[in-house]
Amino acid sequence: MLKIYNTLTRKKELFQPRVAGKVGLYVCGMTVYDYCHIGHARVMVVFDTVARYFRHQGYELTYVRNITDIDDKIIQRAIENGEDYGTLTERFIDAMHEDERALAVLPPDLEPRATQSIDAIIAMIKTLVAKDLAYVGSNGDVFYAVNQFKGYGQLSGKNLDDLQAGERVGVDMAKRNPMDFVLWKMAKANEPAWESPWGLGRPGWHIECSAMSTCCLGNHFDIHGGGMDLQFPHHENEIAQSEGATGEKFVNVWMHNGFVRVDDEKMSKSLGNFFTVREVLQRYRPEAIRFFILSSHYRSPLNYSDEQLNDAEAALTRLYRALNEVKSVFNETVDESYITRFKQAMDDDFNTRVALSVLFGLAKELNKIKEADPHKACALAATLKYLGGLLGILQNDPESHLKTGIVSQSTSEFTKWLIHDDEQFKKDIEKQIEERRNAKKAKDWARADWIRNSLKDSGVILEDAPDGTTSWRIPTRMEVDPYGK
RNA sequence: GGCUGCGUAGCAAAAUGGUUAUGCAGUGGCCUGCAAAGCCAUCUACGGCGGUUCGAUUCCGCCCGCAGCCUCCA
């Protein structure tokens with residue numbers, strides 16, 4: 001029985017799809033004028049995990065995540081760069097898809113773009129004007145008349161009197177009420193513009209999502225998600241627009257993920273304290289980023305730091321180590337109790353942290369019986385990999401996970417990936433292992449230890465198995481550089 | 001000022017009205033030529049003050065501290 005925390009009611013509720021077996025999910029995506037940062041990555045990973053779980057539970061899911069490809073910041077950035085705004089957005093859409101693939105985020109079913117939804121947007125604004133919920137301001141822009149919509153503030157728990165509009169930002173004299181927001185914006189010279197009944201212009205941000213979501217999922221759908229900061233005014237405005245225009249209930253469940261923080265402050269473009277996904281990927285494997293995001297509850301704040309990423313990598317490596325050298329065969333009988341506990345965790349508002357702890361329980365049992373009971377080990381490994389897959393992790397080859405890593409040369413800033421496929425590198429290590437084996441045979445411990453230490457200095461750790469064989473691995477960052485430089 | 005939410009051991013992070021979270025780090029042991037990994041054991045907790053209760057980290061109130069929203073933001 002899946003329970004989801006609904007921002008609208010501020011309670012965990014039993015999830016009941018509108019239509020049995022089907023789920024419509026809409027998530028506010030990126031405004032594409034720059035690279036995705038870790039905060040964006042969190043939205044992608046969180047809702048990807050939600051989507052994977054719905055599918056796994058047998059729901060027929062339609063997952064929609066929009067792209068805002070026209071807005072003030074895009075126009076401004078394009079001007080700064082001296083390029084066409086479309087070229088700019090295409091570039092960052094491609095980059096976003098790249099980041100997404102790196103983080104094992106499966107593409108949404110539909111990815112509508114604002115610029116391709118202009119007709120639907122105009123149609124909705126027309127309806128709102130006809131219903132007197134919108135008006136043309138003195139500057140020609142079309143505004144939503146917030147006073148005309150009864151439940152305004154229901155999602156954010158705000159009321160119009162308390163909002164004290166204009167306190168922080170100069171009131172636009174073209175509006176009737178300071179809280180009114182723009183639906184259609186008149187174009188200035190040389191700005192991208194579309195024909196409309198109100199003249200050449202472009203859509204406001206809020207109306208895009210109302211139009212795109214109802215277009216893709218219908219007037220009334222199951223779940224709408226996005227970052228916490230979109231609760232107000234963005235999602236509040238969406239409710240006003242959609243319910244105002246259609247007269248129907250818009251969304252049953254509102255899901256909001258918490259922020260990524262840096263030094264206890266929200267990571268954001270405006271504060272400039274952001275790390276882009278591609279920046280972090282220079283230093284950490286993508287799976288560590290995904291693990292890091294999943295290691296806290298999606299509604300909690302998540303503090304970004306090297307230490308946290310190091311931790312995530314170490315934890316992930318523990319799981320891969322358990323998996324290593326066990327053939328996981330899927331048709332083995334699996335221990336249902338782990339699967340049950342995993343599902344209980346996920347059913348409780350997608351508690352990925354608890355779900356992960358189930359994986360560690362599995363890993364521990366697996367480590368214990370690896371030698372003694374290979375058959376059961378296979379079953380446990382299969383279970384571990386299967387549950388990891390539901391979270392979008394543990395799908396790599398364990399050996400290549402262990403033999404790949406980032407080695408920091410402490411004397412300089414130099415860091416590099418040591419790729420397991422580097423044949424010369426591998427050969428060299430094997431040669432030294434062979435040499436050490438001979439030294440061990442001759443009980444020349446000094447020589448054997450010297451080889452092991454010298455390899456360690458160059459970032460390779462040797463492990464002797466009980467049967468006399470020696471394997472090697474790249475240490476995690478935690479082992480090399482515990483304080484994260 | 002208004003409205004949300006949070007405060008758990010060295011770090012991170014869950015659950016829970018009475019019973020082991022979990023990962024990393026620490027300590028002791030097993031294993032090992034010695035290590036590493038693994039296993040076993042173990043030390044560090046529930047911001048403060050009251051209240052409800054047989055019993056509260058968990059419920060309620062107040063206080064303190066922190067974050068977010070009230071402007072664009074995932």
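The model shown is predicted, which means the values in this text are computed figures rather than measured ones. Residue numbering restarts at 1 for every chain, and letters A, B, ... go by the order of the sequence lines.
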Just jot down the ring-ring contact (aromatic ring centres under 6.0 Å, His included) partners of A/Tyr63, sequence neighbours excluded, or say none.
none
Could you list the protein-to-nucleotides 12-15 of chain B atom pairs, N/O on both sides, closer than 3.5 Å?
unit_1, atom_1, unit_2, atom_2, d
B/A12, O3', A/Gln308, NE2, 3.4
B/A12, O2', A/Gln308, OE1, 3.2
B/A13, O2', A/Arg353, NE, 3.2
B/A14, OP1, A/His297, N, 2.6
B/A14, OP1, A/Ser300, OG, 3.0
B/A14, O3', A/Asn351, ND2, 3.3

Once salt bridge (charged side-chain N to carboxylate O under 4.0 Å, His left out) is applied, what residue pairs with a partner in residues 229-239 of chain A remain, sequence neighbours excluded?
A/Asp229-A/Lys266
For the aromatic rings, using the six-membered ring if either is Trp, is the centroid distance between A/Phe342 and A/Tyr386 under 6.0 Å?
no
Residue set satisfying salt bridge (Lys or Arg N to Asp or Glu O under 4.0 Å) with A/Asp347, at least two apart, ordered chain then number -> none
Per the salt bridge (charged side-chain N to carboxylate O under 4.0 Å, His left out) rule, what does the pair list look like for residues 438-454 of chain A, sequence neighbours excluded?
A/Glu435-A/Arg447, A/Lys440-A/Asp464, A/Asp449-A/Arg452
5′-ward residue of the pair A/Ala314/A/Met30 relative to RNA chain B:
A/Ala314
Contacts of type ring-ring contact (aromatic ring centres under 6.0 Å, His included), residue A/Tyr320, not counting sequence neighbours
A/His401
Between A/Tyr152 and A/Asn147, do the side chains contain an N or O donor and an N or O acceptor separated by less than 3.5 Å?
no
Looking at the base of B/G33, is there any donor atom on it, or on the side chain of A/Asp449, that sits under 3.5 Å from an acceptor on the other one?
yes
Side chains of residues 358-368 of chain A: which donor-acceptor pairs under 3.5 Å do they make with residues two or more places apart or in other chains?
unit_1, atom_1, unit_2, atom_2, d
A/Glu365, OE1, A/Tyr338, OH, 2.4
A/Glu365, OE2, A/Lys376, NZ, 3.0
A/Asn367, ND2, A/Ala363, O, 3.4

5' priority, RNA chain B, between A/Gly258 and A/Lys440 [closest heavy atom]:
A/Lys440
Dot-bracket for RNA chain B, 5' to 3', with Watson-Crick and G-U pairs under 3.5 Å, [ ] for crossing pairs and | for other-strand pairs: what is it?
(((((((..(((.....[...))).(((((.......)))))....(((((..]....))))))))))))....
Output the residues of residues 357-371 of chain A in contact with RNA chain B, where contact means a heavy atom of the residue under 4.0 Å from an atom of the strand; sort by number or write none.
A/Ser357, A/Phe360, A/Lys364, A/Asn367, A/Lys368
Any side-chain N or O of A/Ser471 below 4.0 angstrom from OP1/OP2 of B/A37?
no
Distance check: side-chain N/O of A/Arg318 vs OP1/OP2 of B/C39, anything under 4.0 Å?
yes
N/O to N/O distances under 3.5 Å, protein versus nucleotides 58-61 of chain B:
none

Scan for side-chain hydrogen bond (donor to acceptor under 3.5 Å, both in side chains) pairs involving residues 40-49 of chain A, sequence neighbours excluded, and state none if there are none.
A/Arg42-A/Ser296, A/Asp48-A/Arg52, A/Asp48-A/Arg290, A/Thr49-A/Arg290
Counting distance alone, no hydrogens or angles: does the base of B/C34 have a donor or acceptor under 3.5 Å from a partner atom on the side chain of A/Arg452?
yes
A/His206: what forms a ring-ring contact (aromatic ring centres under 6.0 Å, His included) with it, not counting sequence neighbours?
A/Phe181, A/His234
CZ on A/Phe291 to OG on A/Ser295, rounded to 0.5 Å:
6.0 Å
Calculate, to the nearest 0.5 Å, the distance between atoms CD and CD1 belonging to A/Glu80 and A/Ile75 respectively.
12.5 Å
Between A/Asp72, A/Asp71, A/Asp141, which is the residue that forms a side chain to side chain donor-acceptor pair (under 3.5 Å) with A/Lys185?
A/Asp72
